[in-house]
2 protein chains.
Amino acid sequence: MTETAEAHSPTGSVRVLLAEDQGMMRGALALLLGLEPDIEVVAQVARGDEILAAALDSAPDVALLDIELPGRSGLDAAAELRARCPGCRVLILTTFGRPGYLRRAMEAGARGFLVKDGPVEELARAVRRVLRGETVVDPALAAAALSAGPSPLTRREADVLTAGADGSTVADIAHALHLSESTVRNYLSAAIGKTGTRNRTEALREARSQGWL
Amino acid sequence: MTETAEAHSPTGSVRVLLAEDQGMMRGALALLLGLEPDIEVVAQVARGDEILAAALDSAPDVALLDIELPGRSGLDAAAELRARCPGCRVLILTTFGRPGYLRRAMEAGARGFLVKDGPVEELARAVRRVLRGETVVDPALAAAALSAGPSPLTRREADVLTAGADGSTVADIAHALHLSESTVRNYLSAAIGKTGTRNRTEALREARSQGWL
DNA sequence: GCACGACCGTGACATTTGTCCTGCCCAGGA
DNA sequence: TCCTGGGCAGGACAAATGTCACGGTCGTGC
């Protein structure tokens, strides 16, 4: 007995949940997938914190999740789905092929990782492959993710870095995180050192591009 | 005689050029527009510097342009099309409804300005309205753009700000722009003052959110 | 001609940022 | 048990950043 048979709804049509914040993108993808004879979009959400409820409600076979969503990260939602909605396979669909994103997606139990570049046809193909139990990942990206290793930043270092992303001063960050200014400077210095950069702005860029935040 | 008749190709089908860097988005929109019986996508490009050539080649009625494109800004391309391809109406399609973007789009001769939020149906509707000679702009956004006034930053202030966006030091910027470090600091200070912010990072954020860069 | 503003530069100065070293507490592993 | 690593904090110091006052050159417009 194949995995496909288990996962399929009896009608033979793949039930897909779509989570994507940009309205036009969401609508376009939904319409597109809906055109495929064997695919049916049963739920659409624009926020990360609406994913779980929608999934429990509509029991999709595949959840197509953007990562950067308002309310809750698609990666967090993926982990949640894994626990609360085991029949549902997660396929991550993201703008950025950051090594750290891929790593975290896999750790969260995602079955596939797709970048928003590349042709649209890949989307339906990936949905079907994931449903068949295959794992869908760009090999080059996978290699990069493996070779890069996990994030060298500690939880607090990442916190401080993101808290300063908007141009906040050391004092601002210290206040926001209930830390002393000395501590903030120490974390920032550590983050700068670990990223091999020269200041917090560069450190932030590097950490972001690696998917460490 | 209506404007529509002038602009239309004889077949009665609207010829559309699509410029959008994200592959999946581009493909999805092209497919979608292609589904409309009266619309035909005659050219697709992923870079800003390919727009003009493609337009001259395919003579579209409407050019659907993203703003943030590699190679050349969609806004610059719009101004170019206005001069070299007068029969072609420009419809800007962008992620961010920044007041300054709208202002510059209109100054560049765009006939419409659409944000990527909002439903997909708006897209085909906007294409048709632009072709009929109407101007398509979200009224709330238009009001914001008008009330905000034009950018207070001079060309050089904007240059220096963007050159420092990646965390470059004063010395880096000075070298990149062939300026003295003192001059760079003066421009930076001016930009910080005009944006009412406390440092270059905040100034950059503010200038970006206003569409001044 | 003159005022104005954009452009470019200098130098001095105060503040912020980044580095390094020290110390303490606590949890988990060898 | 000791050792290590994370979290937190203080202090001293050098470097980068931001401010200000000043001077000069252009072009545009009144």
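The sequence lines fix the lettering, A, B, ..., with proteins before strands; numbering per chain opens at 1.
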| field | Of Glu202(A), Glu157(A), Glu206(A), Gln210(A), the residue whose pairing with Thr195(A) passes side chain to side chain contact (heavy atoms under 4.5 Å, CB included) | value | Glu206(A)
| field | Distance, rounded to the nearest Å, where Asp159(B) contributes CG and dC7(C) contributes P | value | 8 Å
| query | Does the side chain of Arg185(B) get closer than 4.0 angstrom to OP1 or OP2 of dT19(D) through an N or O atom? | reply | no
| request: Check the side chains of Asn186(B) and Thr183(B) for a donor-acceptor pair under 3.5 angstrom, ignoring hydrogens and angles. | output: no
| query | Can you check salt bridge (Lys or Arg N to Asp or Glu O under 4.0 Å) on Glu134(B) and Arg89(B), steps first, answer last? | reply | CA-CA 11 Å; Glu134(B) 298 178 43; Arg89(B) 288 133 158 83; over 6 Å; no
| Under 4.0 Å: is that the gap between some side-chain N or O of Arg156(A) and OP1 or OP2 of dC8(D)? | yes
| said: Nearest to the side chain of Thr169(A), heavy atoms from C-beta on, is which of dA6(C), dA9(D), dT17(C)? | reply: dT17(C)
| task | Write down the distance between NE2 (His178(A)) and P (dC8(D)), rounded to a whole number of angstrom. | result | 12 Å
| field | Under 4.0 angstrom between Arg155(A) side-chain N/O and dG6(D) OP1 or OP2 | value | no
| request: Mind calculating the distance between CG (Asp172(B)) and P (dA15(D)) to the nearest angstrom? | output: 17 Å
| said: Whole angstroms only, please: what is the OH-C1' distance between Tyr187(A) and dT19(C)? | reply: 17 Å
| Within the side chain of Asp57(B), is there an N or O that forms a donor-acceptor pair under 3.5 Å with the backbone of Ala54(B)? | no
| request: Among the candidates dC8(D), dG9(C), dG18(C), find the nucleotide nearest to the side-chain atoms of Ile192(A). | output: dG18(C)
| said: Under 6.0 Å from the ring centre and within 45 degrees of the ring axis: does the NZ or CZ of Arg104(B) meet both conditions for the six-membered ring of Tyr101(B)? | reply: no
| said: Here's a test of your reading of the structure: between Leu179(B) and Val170(A), which maps to the more 5' nucleotide of DNA chain C? | reply: Leu179(B)
| request: Quickly work out the Asn186(B) CG to dT10(C) C1' distance and round it to whole Å. | output: 9 Å
| Between Glu181(A) and Lys194(A), which is nearer to the 5' end of DNA chain D once each is assigned its nearest nucleotide? | Lys194(A)
| query | At under 4.0 Å, does any side-chain N or O of Ser182(A) touch on OP1 or OP2 of dC8(D)? | reply | no
| Any side-chain N or O of Ser189(A) less than 4.0 Å from the OP1 or OP2 oxygen of dT19(C)? | yes
| Length of the CD-P vector between Glu157(B) and dG18(D), whole Å | 14 Å
| task | Scan Thr183(B) against the nucleic acid and name what it touches under 4.0 Å (heavy atoms): base, sugar-phosphate only, or nothing. | result | base
| query | Is the distance from OP1 or OP2 of dG18(D) to the nearest side-chain N or O of Arg200(B) less than 4.0 Å? | reply | yes
| task | In whole angstrom, give the distance that lies between atom CG of Leu177(B) and atom C1' of dG9(C). | result | 15 Å
| Nucleotide nearest Leu188(A) (side chain, heavy atoms from C-beta), chosen from dG6(D), dG18(C), dC8(C) | dG18(C)
| task | Classify the nucleic acid contact of Ser180(A) as base, sugar-phosphate or nothing, counting any heavy atom under 4.0 Å across all strands shown. | result | sugar-phosphate
| task | Evaluate the side-chain proximity of Leu123(A) to Leu64(A): yes if any heavy-atom separation is below 4.5 Å, no if none is. | result | yes
| said: Without decimals, in angstroms, what is the distance between Glu202(A) CD and dT17(C) P? | reply: 16 Å
